Number of protein chains: 2
Amino acid sequence: MVTRAEAVTRRLREAILAGGYEPGARLSEVALAEGMAVSRTPVRAALSVLFAEGLLDYEPNCGYVVRRISRDDAAHIYTVRATLEGLAARLAAEIGLGDVERTGFEAILGEMEQLVSGDTWEADQRQRWGELNIAFHGAICAATRNDYLAASIQRTRTLPVLTERGLRTFFAEQAVVWWDRAAYRRSQDDHLDIGEAILARQGARAEAVMREHIERAGRLIHRKLAIRSEALLALP
Amino acid sequence: MVTRAEAVTRRLREAILAGGYEPGARLSEVALAEGMAVSRTPVRAALSVLFAEGLLDYEPNCGYVVRRISRDDAAHIYTVRATLEGLAARLAAEIGLGDVERTGFEAILGEMEQLVSGDTWEADQRQRWGELNIAFHGAICAATRNDYLAASIQRTRTLPVLTERGLRTFFAEQAVVWWDRAAYRRSQDDHLDIGEAILARQGARAEAVMREHIERAGRLIHRKLAIRSEALLALP
DNA sequence: CATTTGCAGGTTGTGTACAAAATGAGCATG
DNA sequence: CATGCTCATTTTGTACACAACCTGCAAATG
């Protein structure tokens, strides 16, 4: 059975990552408790967990607020993520994929290629592409057989960033509304190179391409955030 | 003011990392509460935080136990740590040290060299060397100006491993009782190379040496754990 | 004899009352 | 007008009572 604390944790985490709360928003225990029809106890437990995960800031006797991540923080996180995903790609190449893994891996890449080179590019296709992108990176993580590495990468992908809409988490496919179609094409080319390198057991090449692949996404978001910051400064 | 929950968290964390509780030990809420003369509430908060940090395992309605990390887990963690510390060394070299940083850095290296090439090698000298080792790696982290990276590295160093004595955390200097003096000398040679590379702004060299430096420590611990496992199996 | 079912004991999960601390409004004072 | 103080309000921190749940054992049942 799931405890209420767990249920509240999951609901809150998803709400935050989906952008239901603005970064900087105060999370009042009583308000959340009433909203979810539980007492403050499970809410407190959930908040402490999300704080430990890095989604919230906390000040004793002052409460929890949704963490606001600065442009520099985002750049720092992307630096780490690029390195870790590069490591994962290299390990996957060095260890090699089993037959089942290989089949699934090629299926993911094939469907992505089909999507991105299709005639239309509607919202549901972009979303499907995002799912496949997650699956692609997840497959590489899984192939390393290193749970700690997979968890570390996962952490870098689930931190909310200052946003009004669209750019909810660092995981690039959540931010796709920012991208033009050429960026998808470029991203897909990277994926093809990475997949090829891994299947050919070329560890160094897989690592280098993956690293650059992530760092490019980081630069893109860094630039987008700059534009947003200027826009905010230009207000009243 | 610090809340009781924070105080309990700190005390518990230190106790676990110092080896006060065997991996696998159950942490009863009431027992801890009585032992620290607080109610169960702050104890529960502390346990949930330590669980999120990865120091504890948790099963609903069943309680918390000190996490037991397998040999493979240890190897996985060291792989990630070697990569991250390598990244830190490279960034430190690329960014460069300020005058104050550089002075402190050289002081640390100098004292370590003096210690390890001295005539005696007693317990307090080994401990001092351990402190300086922490300071050395910490200085490199700080020089990157990347808090997320520093936190990620810190996490890899604070996970307890199966042990009876000596080998409490993965941070090698906690495990020094396992090493002979030659290992310290070798470690110090690495430090000197890394320091030289960073000061000379040789990023790739700093990264490579640091990576190997950490991976060697990982292999050492992996081997030690193997010996311990055999010893355990050999018991009645 | 094996299986199950019920009970007792202990542990964790939740609700709630109260204490302690921070916040903010209003007012006095320089 | 700015500053600092007091006090009410709000929010969080803690304690504790009770409910829900797991565990082990023993007795009943087939």
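Here is how names work: the chains are called A, B, and so on, in the same order as the sequence lines, proteins then strands, and each is numbered from 1. Heavy-atom basis, side chains included; hydrogens, waters and symmetry copies ignored. Everything numeric here is computed off the predicted structure, so don't read it as measured data.
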Q: Would you please enumerate the stems DNA chain D participates in, each stem being three or more consecutive Watson-Crick or G-U wobble pairs with both distances under 3.5 Å?
A: C:1-30 with D:1-30
(Q) Could you check whether A/Glu85 pairs with A/Arg157 (Lys NZ or Arg NE/NH1/NH2 to Asp/Glu carboxylate O, under 4.0 Å)? (A) yes
(Q) Between the side chains of A/Glu6 and A/Arg13, is the shortest nitrogen-to-carboxylate-oxygen separation below 4.0 Å, so that they form an ion pair? (A) no
Q) Should we count CG of A/Asp99 as having more than 12 external heavy atoms under 6.0 Å? A) no
Q) Should the heavy atoms of other residues, nucleotides or ligands under 6.0 Å from CZ of B/Arg216 be counted, would the total exceed 12? A) yes
**Q.** Heavy-atom donor-acceptor pair, A/Asp73 side chain to A/Ser70 backbone, under 3.5 Å
**A.** yes
Contacts under 3.5 Å, N or O only, protein and nucleotides 12-14 of chain C:
residue, atom, partner, partner atom, Å
C/dT12, OP2, B/Glu29, N, 3.3
C/dT12, O3', B/Asn61, N, 3.4
C/dG13, OP1, B/Tyr58, OH, 2.4
C/dG13, OP1, B/Asn61, N, 3.3
C/dG13, OP2, B/Arg44, NH1, 2.8
C/dG13, OP2, B/Arg44, NH2, 3.2
C/dG13, N7, B/Arg40, NH2, 3.0
C/dG13, O6, B/Arg40, NH1, 3.0
C/dT14, OP1, A/Arg4, N, 2.4

Q. Do B/His76 and B/Asp72 meet the criterion of a side-chain donor-acceptor pair at a distance under 3.5 Å?
A. no
Q | Any side-chain heavy-atom pair of B/Leu12 and B/Met36 under 4.5 Å | A | yes
